[in-house]
Amino acid sequence: MTPIIELSHVTYSYPNSDTPALKDLSLTINQGEWVAIIGHNGSGKSTLAKLLNYLLAPTAGDITIAGTPVTEENMWAIRDMVGMVFQNPDNQFVGATVADDVAFGLENRGIARDEMITRVQAALTEVQMAAFADREPARLSGGQKQRVAIASVLAIQPKILILDEATAMLDPKGRREMIALVHELKTRMGDELTVLSITHDIEEAASADRVVVINDGDLIETGAPAQVFANADKLREFGLAVPFAEQLKEKLRERGIDVPASYLTTEGMVDWLWQSISTK
């Protein structure tokens, strides 16, 4: 596997703060991975995301993206490689129409008009929003707005897509659709796209290839979702929710029912319940 994001002993302190937001953090993310960064509010997740796009500069330590140091000198090259979608898509909209908005970043980069039109159409098609190209962004639903925000990033053809609490303002249906969309993008683009989900939504994190747990600026754990989510007590210790399937297993165990020891997704729990019922 080829590393695409490398952080070495990174510390960041906000002005006038006595406690660093991130403390001596070292982490490697490989090309093509989908990594979820989880932690309670104020744990340092969004600070990490902003450091990767040079919206913030580390107080100490080094960051490289695809071998390029994340420095002021390389800021625009980094932002071509790293696209970010934030919690509130309204804060990212600048165009009068959906197509105008997706084209905005391309115009700033001096992309030729013919290529711009092609990229805008392709990006909107990727997120199933091509039919909305002439709509006003303000008239879209929350989920549709986030799709357009993702299209605006995809049009720039980044190597890395960062979703910074991008599902936090969506209803459960919108969150499921957004996670499904990221799955579809990863399936189609494969190793060409690396995804970072900055989230406190455990169900969203369970969809990733790997989970990184940050607590009060410290990297606590990294591993597959099954490994990280198997310990409900540890998740609660760090102020995190427990996946629904694990909560259900705990309740069944309290009633004397023998449940699988290994981690199960919600779908896996449903399958296990059906199999249990059908054998009785």
Side-chain angles (χ1 to χ4, degrees), residues 1-13 20-39 43-86 126 150 153-166 179 181-200 204-229:
M1 292 186 286
T2 304
I4 191 167
I5 299 173
E6 296 177 277
L7 297 95
S8 178
H9 302 289
V10 170
T11 294
Y12 181 80
S13 297
L22 290 175
K23 308 169 189 172
D24 195 33
L25 190 149
S26 295
L27 177 68
T28 297
I29 294 171
N30 294 311
Q31 183 175 330
E33 270 195 298
W34 179 357
V35 176
I37 313 289
I38 66 172
S43 62
K45 306 185 304 297
S46 290
T47 299
L48 172 59
K50 292 179 176 66
L51 288 169
L52 295 178
N53 205 27
Y54 203 74
L55 294 173
L56 297 174
T59 307
D62 299 300
I63 305 172
T64 60
I65 304 291
T68 301
V70 179
T71 60
E72 184 175 4
E73 180 184 10
N74 298 326
M75 176 173 61
W76 297 112
I78 292 299
R79 291 178 182 174
D80 281 344
M81 290 191 283
V82 182
M84 294 185 67
V85 177
F86 296 98
E126 284 277 11
I150 290 176
V153 170
L154 293 180
I156 300 166
Q157 299 176 348
K159 295 178 181 292
I160 299 162
L161 172 64
I162 298 180
L163 305 173
D164 188 3
E165 300 284 7
I179 293 168
L181 172 61
V182 176
H183 268 298
E184 292 167 11
L185 291 172
K186 285 293 292 129
T187 299
R188 287 199 295 270
M189 301 178 73
D191 287 348
E192 293 180 15
L193 184 67
T194 302
V195 176
L196 265 67
S197 299
I198 310 294
T199 183
H200 61 265
E204 177 183 343
S207 301
D209 301 319
R210 181 158 59 107
V211 175
V212 172
V213 183
I214 295 179
N215 184 65
D216 294 336
D218 292 314
L219 194 157
I220 301 299
E221 186 175 5
T222 179
Q227 172 190 335
V228 174
F229 297 150

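- No side-chain heavy atom of Met84 sits less than 4.5 Å from a side-chain heavy atom of Arg79.
- Closest heavy-atom contact between Ala208 and Trp34: CB-O, 3.4 Å.
- Glu6 has its side chain out of reach of Ile63: every pair of non-hydrogen atoms, C-beta onward, lies at least 4.5 Å apart.
- Counting only heavy atoms from C-beta outward, the side chains of Leu7 and Ser26 never approach each other to under 4.5 Å.
- In this structure the side chain of Ile5 reaches within 4.5 angstrom of the side chain of Leu196, judged on heavy atoms.
- Without hydrogens or angle criteria, Lys45 side chain to Gly39 main chain gives a donor-acceptor distance under 3.5 Å.
- When all heavy atoms of Val70 and Leu51 are compared, the pair lying nearest together is CG1-O, 3.6 Å.
- Put simply, CG on Asp218 and CG on Asn215 are 7.0 Å apart, with the number rounded to the nearest 0.5 Å.
- No side-chain heavy atom of Ile29 sits under 4.5 Å from any side-chain heavy atom of Val212.
- Annotation: side chain of Val182 is not in contact with side chain of Glu204 (no heavy-atom distance under 4.5 Å).
- No donor-acceptor distance shorter than 3.5 angstrom exists from the side chain of Thr199 to the backbone of Glu165, with no hydrogens or angles considered.
- Nearest heavy atoms, Asp209 versus Pro225: O-CD, 3.5 Å.
- In terms of heavy-atom proximity, Thr28 sits nearest to Pro3 at CG2-CB, 3.7 Å.
- Shown here for Thr59 and Ser13, the closest heavy-atom pair between the two residues is OG1-N, 2.9 Å.
- For the residue pair Lys159 and Ile4, the shortest heavy atom distance occurs at CB-CD1, 3.9 Å.
- Listed by chain and number, the residues in a side-chain hydrogen bond (donor to acceptor under 3.5 Å, both in side chains) with Arg210 are Glu33, Thr222 (sequence neighbours excluded).
- Taking CE of Met189 as the start and CD of Glu126 as the end, the distance is 6.0 Å to the nearest 0.5 Å.
- Ile214 places a side-chain heavy atom less than 4.5 Å from the side chain of Leu25.
- In Lys23, the NZ atom is crowded: over 12 heavy atoms of neighbouring residues, nucleotides or ligands sit closer than 6.0 Å.
- Put simply, the side chain of Ile162 does not reach to within 4.5 Å of the side chain of Asn53, judged on heavy atoms.
- For the residue pair Ser8 / Asp62, no side-chain donor-acceptor distance below 3.5 Å is found, with atom types taken as modelled.
- Once rounded to the nearest 0.5 Å, the distance linking OG1 of Thr47 with OH of Tyr12 reads 7.5 Å.
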Practice item. Might you work through the side chain to side chain contact (heavy atoms under 4.5 Å, CB included) test for Asp164 and Lys50, ending with a clear yes or no? Key: CA-CA 9 Å; Asp164 188 3; Lys50 292 179 176 66; 3.9 Å; yes
Point to revise | side chain to side chain contact (heavy atoms under 4.5 Å, CB included) between Leu185 and Ile150, intermediate numbers included | key: CA-CA 10 Å; Leu185 291 172; Ile150 290 176; 4.1 Å; yes
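- Within a 6.0 Å sphere centred on CD of Glu192, heavy atoms belonging to other residues, nucleotides or ligands number 12 at most.
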